[in-house]
**Q** 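First the structure, which I've put down as structure tokens, then a few questions once you've had a look.
Fair warning: this is a prediction, and the values are worked out from it, not measured in the lab. A, B, ... follow the sequence lines: proteins, then strands. Residue 1 opens every chain.
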2 protein chains.
Amino acid sequence: MDIEEGTPPQRLRALPSRLTNQAALAANRIVDQALAEAGVRRYHYALLAASEEYGPASQAALGRRTGIDRSDMVATVNDLAERRLVERAPDPEDRRRNTVSITAAGRQELTRLDRLLAAAQDAFLAPLGQADRRTLTDLLTRLVDHHRGEQG
Amino acid sequence: MDIEEGTPPQRLRALPSRLTNQAALAANRIVDQALAEAGVRRYHYALLAASEEYGPASQAALGRRTGIDRSDMVATVNDLAERRLVERAPDPEDRRRNTVSITAAGRQELTRLDRLLAAAQDAFLAPLGQADRRTLTDLLTRLVDHHRGEQG
DNA sequence: CACCAACGTTGGCTAGACCAACGATATGAG
DNA sequence: CTCATATCGTTGGTCTAGCCAACGTTGGTG
């Protein structure tokens, strides 16, 4: 009957916070689906990436890098350690800490995930050309940097 | 005292899907806090806005407008009807339907929420000038439009 | 030594976004 | 007119991300 019955009200359509949220929803759907093919979730990728780029580090430090809460980090490391993608070992220099290190298999998996993720980004950004993609990334980076560490 | 220990790995920092998600996190935090002052959540605002802009409509139609699931719509209408911000009445022309209409008090509340939300948007977009805000809104709109109705 | 901070871990909470199924009602095909 | 199909509101789930509080252990400092 009514054409375009799915059009949101103007108030919502113009709301930057909602646009951002809706875009994030779409992005997460695409990314989650891509990662699911490899049997992992976003937290797993984030941890592997941080572990690869910064080398062996404590769970707390990795949490600060990735924004993953200490409590969620426990389960994430559990998962990846079970699959031998990272190793968890007590830090002899500070016995409160676990040292988490990425394994060779972890690096390999990370490379595979990088490819899946690149395709996902492309699907997400499909309607935008290269210049627009750069602009968007720049604007979002400025927003995220501004709000980093505010209360999250 | 490591400097900038919270810096995310490059892989994550450059990932548009993650940037979008982090921005949405910040936006939602700010918006939720603003709405909480008025004792409402995002769903409530969305429903009031749709109800005001499109007039009396069925719950299902409002759900399509706002992206709120039918099942979640029930509770949302319950909440607002309890506070007399909307009215729910059986539709005599189609007895499957409930007609939801915004009340005078609902319009008043909506105006109040509009103000709170405008301030929240400003806080969210603080680091961007007017031109950048328009650019961001445009880019996000194109993304959201492209992905609308894909599987959400 | 006494404190306080940081660590990993357990356990819990919330909201948002979903899905499946039901009975009641409308609609459309034949 | 009948039968199949679709829609509506509603109930009752599920899942996950993002949180927070508290605990015992350990480290560092006064």
Side-chain angles (χ1 to χ4, degrees), chain A residues 1-2 5 17-18 20-29 31-33 35-36 40-47 57-64 66-79 81 88-100 147 149-152, chain B residues 1-2 5 17-18 20-29 31-33 35-36 39-47 57-64 66-79 81 86 88-100 147 149-152:
Chain A
M1 293 253 177
D2 319 44
E5 221 215 1
S17 64
R18 171 169 242 255
T20 307
N21 199 40
Q22 296 291 109
L25 270 236
N28 288 337
R29 253 200 328 254
V31 164
D32 289 349
Q33 192 172 327
L35 292 182
V40 301
R41 285 168 307 172
R42 267 174 281 151
Y43 277 7
H44 297 132
Y45 176 77
L47 176 50
S58 72
Q59 296 180 192
L62 290 168
R64 267 173 247 124
T66 55
I68 302 178
D69 189 272
R70 301 209 310 275
S71 57
D72 302 317
M73 182 59 74
V74 176
T76 308
V77 174
N78 283 347
D79 292 346
R88 174 200 266 139
D91 183 339
E93 289 181 9
D94 186 338
R95 292 181 8 233
R96 292 171 303 179
R97 293 181 174 152
N98 290 336
T99 296
V100 176
H147 292 291
E150 241 169 26
Q151 57 236 55
Chain B
M1 287 288 168
D2 317 42
E5 219 214 2
S17 63
R18 170 169 244 254
T20 308
N21 198 41
Q22 296 291 109
L25 262 265
N28 288 337
R29 240 182 318 147
V31 165
D32 289 350
Q33 192 173 327
L35 292 182
V40 301
R41 284 166 310 170
R42 268 175 278 152
Y43 277 6
H44 298 132
Y45 177 77
L47 176 49
S58 70
Q59 296 180 190
L62 291 168
R64 267 173 247 122
T66 55
I68 301 177
D69 189 271
R70 301 212 308 277
S71 56
D72 301 317
M73 182 59 73
V74 176
T76 308
V77 174
N78 283 347
D79 291 346
V86 302
R88 173 200 267 139
D91 183 339
E93 289 179 10
D94 186 338
R95 292 180 7 232
R96 293 171 302 181
R97 293 182 173 151
N98 290 338
T99 296
V100 176
H147 293 290
E150 244 170 24
Q151 57 236 53

**Q** Relative to the 5' end of DNA chain C, which residue comes earlier, A/Val77 or A/Asn21, by the nucleotide with the nearest heavy atom?
**A**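 Nearest nucleotide further toward 5': that of A/Val77.
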**Q** Of all the heavy-atom pairs spanning A/Ser17 and B/Val31, show the shortest one and how long it is.
**A**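 Here A/Ser17 and B/Val31 meet closest at OG-CG2, 3.5 Å.
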**Q** Verify the contact: side-chain N or O of B/Gln59 to OP1 or OP2 of D/dT7, cut-off strictly under 4.0 Å; return yes or no.
**A**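 It does not, given that no N or O in the side chain of B/Gln59 lies less than 4.0 Å from OP1 or OP2 of D/dT7.
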**Q** What are the two closest non-hydrogen atoms of A/Arg88 and A/Val74, and how far apart are they?
**A**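 Minimum heavy-atom contact is NH2-O, 3.3 Å.
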**Q** Indicate yes or no: at least one non-hydrogen side-chain atom of B/Thr66 is less than 4.5 angstrom from one of B/Met73.
**A**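 With C-beta onward as the side chain, the pair touches.
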**Q** Is the phosphate of D/dG18, meaning OP1 or OP2, less than 4.0 Å from a side-chain N or O of A/Tyr43?
**A**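 A/Tyr43 to D/dG18 OP1/OP2: side-chain N or O found under 4.0 Å.
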**Q** Please report the shortest heavy-atom distance between B/Pro90 and B/Asn98, naming the atom on each side.
**A**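 The answer is CA-OD1, 4.0 Å.
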**Q** Between atom OG1 of B/Thr20 and atom CG of B/Leu25, what is the distance when rounded to the nearest 0.5 Å?
**A**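 Rounded to the nearest 0.5 Å, the OG1-CG separation comes to 11.5 Å.
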**Q** Would you say A/Asn28 reaches D/dT16's phosphate, i.e. side-chain N/O to OP1/OP2 under 4.0 Å?
**A**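 For D/dT16, neither OP1 nor OP2 has a side-chain N or O of A/Asn28 closer than 4.0 Å.
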**Q** When the distance from CZ of B/Arg18 to P of D/dA17 is rounded to whole Å, what number comes out?
**A**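 So the two atoms are 12 Å apart, to the nearest Å.
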**Q** Whole angstroms only, please: what is the CG-P distance between A/Asn78 and C/dG11?
**A**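 Roughly 13 Å, once rounded to whole Å.
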**Q** Are B/His44 and B/Leu35 close enough that some pair of their side-chain heavy atoms sits under 4.5 Å apart?
**A**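 No - every pair of side-chain heavy atoms lies 4.5 Å or more apart.
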**Q** Just how far, in rounded Å, is P of C/dA17 from CZ of A/Arg42?
**A**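 It works out to 13 Å between those atoms.
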**Q** Without decimals, in angstroms, what is the distance between B/Arg29 CZ and D/dC19 C1'?
**A**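 Those two atoms, CZ and C1', are 11 Å apart.
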**Q** B/Gln33 has an atom CD; how far is it from atom P of D/dC19, in whole Å?
**A**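 Going from B/Gln33 (CD) to D/dC19 (P), I get 13 Å.
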**Q** On DNA chain D, compare the nucleotides closest to A/Arg41 and B/Arg97; which residue's is nearer the 5' end?
**A**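 Taking each residue's closest nucleotide, the earlier one in sequence belongs to B/Arg97.
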**Q** Would you mind reading off the distance between B/Asp32 atom CG and C/dA17 atom P, rounded to a whole angstrom?
**A**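 In whole Å, C/dA17 P lies 10 Å from B/Asp32 CG.
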**Q** Between D/dT16 atom P and A/Ile68 atom CD1, what is the distance in whole Å?
**A**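 Atom-to-atom, A/Ile68 to D/dT16, this comes out as 15 Å.
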**Q** Which sits closer to the 5' end of DNA chain C, A/Arg64 or A/Leu25, going by the nucleotide each is nearest to?
**A**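 Its nucleotide being nearer the 5' end, the pick is A/Arg64.
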**Q** For a side-chain contact (heavy atoms from CB on, under 4.5 Å) check, start with the C-alpha distance between A/Asn28 and A/Arg42, then their side-chain angles and the critical distance, and finish with the verdict.
**A** CA-CA 9 Å; A/Asn28 288 337; A/Arg42 267 174 281 151; 3.3 Å; yes
**Q** Output one letter per nucleotide in nucleotides 21-30 of chain D: B when a protein non-hydrogen atom lies under 4.0 Å from the base, S when only the sugar-phosphate is that close, - when neither is.
**A** -B--BBS---
**Q** Rounded to whole angstrom units, what separation is found between the CG atom of A/Asp72 and the P atom of C/dG11?
**A**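 After rounding, the reported distance stands at 15 Å.
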